Visitor: 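Just dropping this structure here.
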Amino acid sequence: MSLNTKLPTTDMQVTSIRFERELIDKLKTLAGSRGYQSLVREVLWDYVRQHSDDPGFQIQRQQVRVIMAAEAQRRERCALTGVLIEPEEEMWLAWTTDHELVPLSVDSLEED
């Protein structure tokens, strides 16, 4: 499930947040033509997805395109099952159809 979908601005709530001018300039450079506010929303949604117990933030097995072996450097949450992956634990990194790199527990791809 991609959380970076385009919503009409009428479906968004206006909020105010203060950033240093230098940070805004760097965000604008990184964001390019999509705009820094879209980039900030994407970063915040990624953070929420990684730290949420909500299964709505998980991906589906058919979204996995490529997997790579990895070792967790910090606590992660499996994007398929929601299971916690502890630091130094073996895990997979999966490249998804939504062009995201997400953590997976090593047993999350086993057939039922």
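Computed from a predicted model, the values in this text were never measured in an experiment.
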Visitor: Could you tell me which residues satisfy side chain to side chain contact (heavy atoms under 4.5 Å, CB included) with Ile67, sequence neighbours excluded, listed by chain and number?
Guide: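 Counting only residues at least two positions away or on another chain, Ile67 forms a side chain to side chain contact (heavy atoms under 4.5 Å, CB included) with Val64, Trp92, Ala94, Leu104, Leu109.
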
Visitor: Working to the nearest 0.5 angstrom, can you tell me the gap between Lys28 NZ and Gln37 CD?
Guide: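 It is 9.0 Å, given to the nearest 0.5 Å.
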
Visitor: Which heavy-atom pair separates Gln62 from Thr97 by the least distance, and what is that distance?
Guide: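 The pair with the smallest heavy-atom distance is O-CG2, 4.2 Å.
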
Visitor: Grab the two heavy atoms, one from Arg34 and one from Glu42, that are nearest each other, plus how far apart they are.
Guide: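 Nearest heavy atoms, Arg34 then Glu42: NH1-OE1, 2.6 Å.
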
Visitor: With sequence neighbours left out, what residues match Ser108 under side chain to side chain donor-acceptor pair (under 3.5 Å)?
Guide: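 Testing Ser108 for side chain to side chain donor-acceptor pair (under 3.5 Å), a comparison that skips the adjacent residues, returns none.
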
Visitor: Group every Ile, Leu, Val, Met, Phe, Trp and Tyr by side-chain heavy-atom contacts under 4.5 Å, then state whether Val106 and Ile59 land in the same group.
Guide: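 In one cluster: yes.
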
Visitor: Measure the shortest side-chain to side-chain distance between Gln63 and Gln58 over non-hydrogen atoms and say whether it is less than 4.5 angstrom.
Guide: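 Of all side-chain heavy-atom pairs linking Gln58 with Gln63, none is under 4.5 Å.
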
Visitor: Hey, any chance Met68 and Val102 share a hydrophobic cluster, counting ILVMFWY side chains that come within less than 4.5 Å of each other, even indirectly?
Guide: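 No; Val102 is not reachable from Met68 via cluster members.
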
Visitor: Quick check: is Ile17 connected to Val43 through a chain of hydrophobic side chains (ILVMFWY, heavy atoms under 4.5 Å apart)?
Guide: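 Yes, Val43 and Ile17 fall within the same hydrophobic cluster.
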
Visitor: Mind listing the side-chain donor-acceptor pairs of residues 80-91 below 3.5 Å, one per line with the distance, residues two or more places apart or on another chain?
Guide:
{"unit_1": "Thr81", "atom_1": "OG1", "unit_2": "Val83", "atom_2": "N", "d": "3.2"}
{"unit_1": "Glu86", "atom_1": "OE1", "unit_2": "Arg75", "atom_2": "NE", "d": "3.4"}
{"unit_1": "Glu86", "atom_1": "OE1", "unit_2": "Arg75", "atom_2": "NH2", "d": "3.3"}
{"unit_1": "Glu86", "atom_1": "OE2", "unit_2": "Arg75", "atom_2": "NE", "d": "3.4"}
{"unit_1": "Glu86", "atom_1": "OE2", "unit_2": "Arg75", "atom_2": "NH2", "d": "3.1"}
{"unit_1": "Glu89", "atom_1": "OE1", "unit_2": "Glu86", "atom_2": "N", "d": "2.9"}

Visitor: In a table with atom names and distances, give each donor-acceptor pair under 3.5 Å that connects a side chain of residues 18-27 to protein atoms at least two apart or in another chain.
Guide:
none

